[in-house]
Amino acid sequence: MRIFLTFTLLLFIGSYCFSQKTDTITINKKFIDNKVILCSEQAQLYIDSSGKAPVQQIDRQAFIPLNDYRFRPFAFDYFDYVFWLRITVNNPTNAMLPALFTAGVHKGVKIFRKVNGKFVLLESTQQDLLPHERPFRYDEKYVPLKFAPHQTYELLIKISEHPQLYMNLQPKLVSYGWEYNDKMRAFFDEYRYLMADGFFASILFFVAMYMFVLYFVEHRRYYGYYAGYLIFILLFALWGIEHSPYMRAFFSFIPFLKFSANNNTYALISNIFYYLFLSNFLELPKVAPRFEKIIRLYIKVLVVLLIADTLLNFVFQAYQAGGYIWILSQPMIAFFGIYSTIVVLTIKGSVVKYIKWGSVALLLGVIVGISEQLLMMKPFENVLMRLPLSMPFNIGVLVEILFFSTALGYKTWLRQRNRNLLMKSVKESDLRTLRSQINPHFIFNSLNAIKSYILNHRSVEAAEYLTDFSTLMRSILQNSKEKLIPLADELETTFLYVKLEKLRFDDSFEFVYHIDEQIDTEETFIPPMLLQPYIENAIKHGLMNKPTDRTLSMSIQALPYKTLIIIEDNGIGREQASLLRKNIFKHQSMGMNINDERVKLLAMTNDWHIDIQIIDKKASGKALGTKVMIYLPVID
């Protein structure tokens, strides 16, 4: 029994020692001629889960054959580990043999050689180095080495990792010629992917900048939201090609963005902008309020995930927890995308149809893209791009941009058409206003008054009346060309009109007015001929139907952020006046209606909100006249 146990122990020790022994890799002069040596079979692996073990202690650890270890997918704790490879390289030739070592794309690589029982650093590289700082400037994944003649190199290779979905180590030694030929082969075989991603990024940038311009010109929030969405999709695309030896994105100059701001960060931000755009562009609070509430809640969830992702990756650098945020976010984005697309398909409208088609295309591209990433469906190793975006995702985004841009353009065209129709209405209203202000009855009566003065040899009165009448006509014609005029000009026209009416009616009513001293009539603005219809209505229908004691008053008061104009008469009131003029041409009523239309159009076109209130003054059921209150906003 003792013999059996002893034999078993010796066999175990022998197998253990054998497993610690590294097979030697031999290189010769033929290696220089475009050769590559795969080292996976000879390499042994030790994983330091603490990431802190010194190099002098690593050689005494239990290594295992690299090919016997299977790396776990979604192992976000790998970034905390240090992976050690042990290989032995022998150069039996009489020449110094240069080589490039690579184990794939990793955060950092340090190569140590055992000399007199201790390991000394031969060469190292880090991905946060700029190209001119790398030991091999043309590609960050290669480390240059030189093997002296008749020397055996026992190497320990320290590999530190950044967070990624799929960890893999593929050590190999390649010649400079092989590396050059591999780049040339990749350029000719894979250039379409480089061109496709460059084309994709260029379109995103151009459309995003165009949307920003439209936002600043049109002041519509959905342009800004869509521009933000495209910018972060662009950053997502640039992050995907950060390791390309042919590309130098700004991630190369801000190293922490290269790893910490992973694709999940840009996916979350772009989704936030996307749903803000949908909500604002489709006017969901009006057309689908329930869906709008759900989107608002979803955006809040995305913001919480974004804050957690930023804190974990940027501040605390807890990449393992950040990886779980990624696992939670990606399926949620896909499932909510399916739900939102289904709801959008139920919304009706001429513009919505383009959003429907674009949403379906984007959803298909996102689902296929996430599936490719999770299931490693890409059948090739892309040397030029390393981490290229999914082609179906690219196509989905481009089709979405096509339809969404069409929707934006169509809505802009509709808005411009409505604006043109509105401006046409404004011009027609201005023309009707001018015609209504130059009342043909007023002109006829004024000319008759002048004629009467002349026939009665009252030449002084006739000349004065004619002068005032011509001044009023000139003022009306001149002011009618402007949207706004100083209150001083409007008052001058109003006082001239009242003066002529007093002369025409033999000074049969009294006119009093008061202007608040706080009001600067030159800096206070008002639409031209706004007061005249109410003045005329008060004189003709309120005062002239009253036998005696006729008074017309006007006061202008300063209020906070407003100016109040009150036109008041002590006439018979609107009810009795309307009974008296049932069978008379209602010119003045038409003038007041046109005035109301002008006020509404000014509010719609220029955001000038003028409030007009007409109050019937009564006491004990008896009419005491009419009061018109006009609230003018302060206009800069």
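A donor-acceptor contact under 3.5 angstrom links the side chains of T412 and Y223, judged on distance only. Under the 3.5 Å distance criterion, with hydrogens and angles disregarded, no donor-acceptor pair is assigned to the side chains of E41 and N67.
Across L66 and L169, no two heavy atoms sit closer than the pair CD2-O, 4.0 Å. The heavy-atom pair separating F31 from V174 by the smallest distance is CZ-C, 3.4 Å. Taking all atoms of both residues into account, the shortest heavy-atom contact from M211 to A227 is CB-CB, 3.7 Å. The heavy-atom pair separating Y229 from S270 by the smallest distance is CD1-O, 3.3 Å. Pairing each heavy atom of V143 with each of S124, the nearest pair is CG1-N, 4.5 Å. In plain terms, the two heavy atoms of G224 and Y215 that are nearest each other are N-CD1, 3.6 Å.
Put simply, the side chain of L145 does not reach to within 4.5 Å of the side chain of P98, judged on heavy atoms. By the 4.5 Å heavy-atom criterion applied to side chains, W357 and V399 are not counted as neighbours. In this structure, I111 and F101 have side chains that are in contact, with non-hydrogen atoms separated by less than 4.5 Å. With contacts defined as side-chain heavy-atom distances shorter than 4.5 Å, the pair L284/K293 does not qualify. Considering only heavy atoms from C-beta on, P144 comes within 4.5 Å of Y176 through its side chain. Counting heavy atoms from C-beta on, the side chains of L235 and T265 never come closer than 4.5 Å. You'll find the side chain of M332 reaches within 4.5 Å of the side chain of L302, heavy atoms only. Residues L484 and P527 are in side-chain contact: their nearest non-hydrogen atoms beyond the backbone lie under 4.5 Å apart.
No donor-acceptor pair under 3.5 Å is formed between the side chain of S329 and the backbone N or O of W326. Although no hydrogens or angles enter the test, the distance criterion places no donor-acceptor pair under 3.5 Å between the side chain of D182 and the main chain of W178. Side chain of N418 to main chain of L414: a donor-acceptor pair is present (N/O by atom type, distance under 3.5 Å, no hydrogens or angles). Using a distance-only test at 3.5 Å, with no hydrogens or angles considered, no donor-acceptor pair links the side chain of D48 to the main chain of V82. Between the R220 side chain and the V217 main chain, no donor and acceptor come within less than 3.5 Å of each other. A donor-acceptor pair is defined here as one N or O able to donate and one able to accept, closer than 3.5 Å; no such pair exists between the side chain of S160 and the backbone of K107. Put simply, the side chain of S279 never gets that close to the backbone of L276: no donor and acceptor are under 3.5 Å apart. Within the 3.5 Å criterion, the main-chain N or O of L345 finds a donor-acceptor partner in the side chain of K356. Checked by atom type and distance alone, the side chain of N313 never pairs as donor or acceptor with a backbone atom of G322 at under 3.5 Å. Side-chain atoms of Q127 come within 3.5 Å of backbone N or O of H106 as a donor-acceptor pair.
Ion pairing between K110 and E123 fails under the 4.0 Å rule for side-chain N and carboxylate O. Note on K183 versus D139: salt bridge recorded, some NZ/NE/NH1/NH2 to OD/OE distance being below 4.0 Å.
In this structure, L121 CG and K158 NZ are separated by 10.0 Å, a value rounded to the nearest 0.5 Å. S405 contributes atom OG, which lies 7.5 Å from atom CG of L230 (distance to the nearest 0.5 angstrom). I269 contributes atom CD1, which lies 11.0 Å from atom CD1 of I233 (distance to the nearest 0.5 angstrom). To the nearest 0.5 Å, the span separating OH on Y354 from CZ on F403 amounts to 9.0 Å. A distance of 12.0 Å separates OH of Y46 from CZ of R86, quoted to the nearest 0.5 Å. To the nearest 0.5 Å, atom CD1 of residue I401 and atom OG1 of residue T406 are 11.5 Å apart.
Ring geometry for F112 versus W84: interplanar angle of 30 to 60°, hence tilted. Using cut-offs of 30° and 60° for the angle between ring planes, the Y69 and F71 rings count as perpendicular. Ring pair F277/Y226 is tilted by interplanar angle, where 30° to 60° counts as tilted. Taking the six-membered ring for Trp and thresholds of 30 and 60 degrees, F404 and Y274 have nearly parallel ring planes, at less than 30 degrees apart.
Atom CD of E133 sits in a crowded spot, with more than 12 heavy atoms from other residues, nucleotides or ligands closer than 6.0 Å. When the shell of 6.0 Å around OH of Y81 is examined, it contains more than 12 heavy atoms from other residues, nucleotides or ligands. By the neighbour-count criterion of 12 heavy atoms within 6.0 Å, atom CZ of F205 is sparsely surrounded, having that number or fewer from other residues, nucleotides or ligands. The number of heavy-atom neighbours closer than 6.0 Å to OH of Y339, taken from other residues, nucleotides and ligands shown, is above 12. More than 12 heavy atoms of other residues, nucleotides or ligands sit less than 6.0 Å from atom CZ of F136. No more than 12 heavy atoms of other residues, nucleotides or ligands shown are found within 6.0 angstrom of CZ on R221.
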| request: Go through the steps for L282 and I355 under the test side-chain contact (heavy atoms from CB on, under 4.5 Å), then give the verdict. | output: CA-CA 9 Å; L282 296 180; I355 300 296; 3.9 Å; yes

| field | Residues I272, L306; criterion side-chain contact (heavy atoms from CB on, under 4.5 Å); working and verdict | value | CA-CA 10 Å; I272 291 172; L306 176 63; 4.2 Å; yes

| Derivation and outcome, side-chain contact (heavy atoms from CB on, under 4.5 Å), residues L100 and S175 | CA-CA 6 Å; L100 295 171; S175 66; over 6 Å; no

| task | Please step through side-chain contact (heavy atoms from CB on, under 4.5 Å) for the pair V287 and K348, ending with a clear verdict. | result | CA-CA 9 Å; V287 301; K348 297 180 180 180; over 6 Å; no

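For the pair K411 and F281, the cation sits on the ring face: its NZ or CZ lies under 6.0 Å from the ring centre, inside 45° of the axis.
Every residue two or more places apart in sequence or in another chain was checked for a ring-ring contact (aromatic ring centres under 6.0 Å, His included) with F200, and none qualifies.
If you look at Y275 and Y298, their ring centroids are closer than 6.0 Å.
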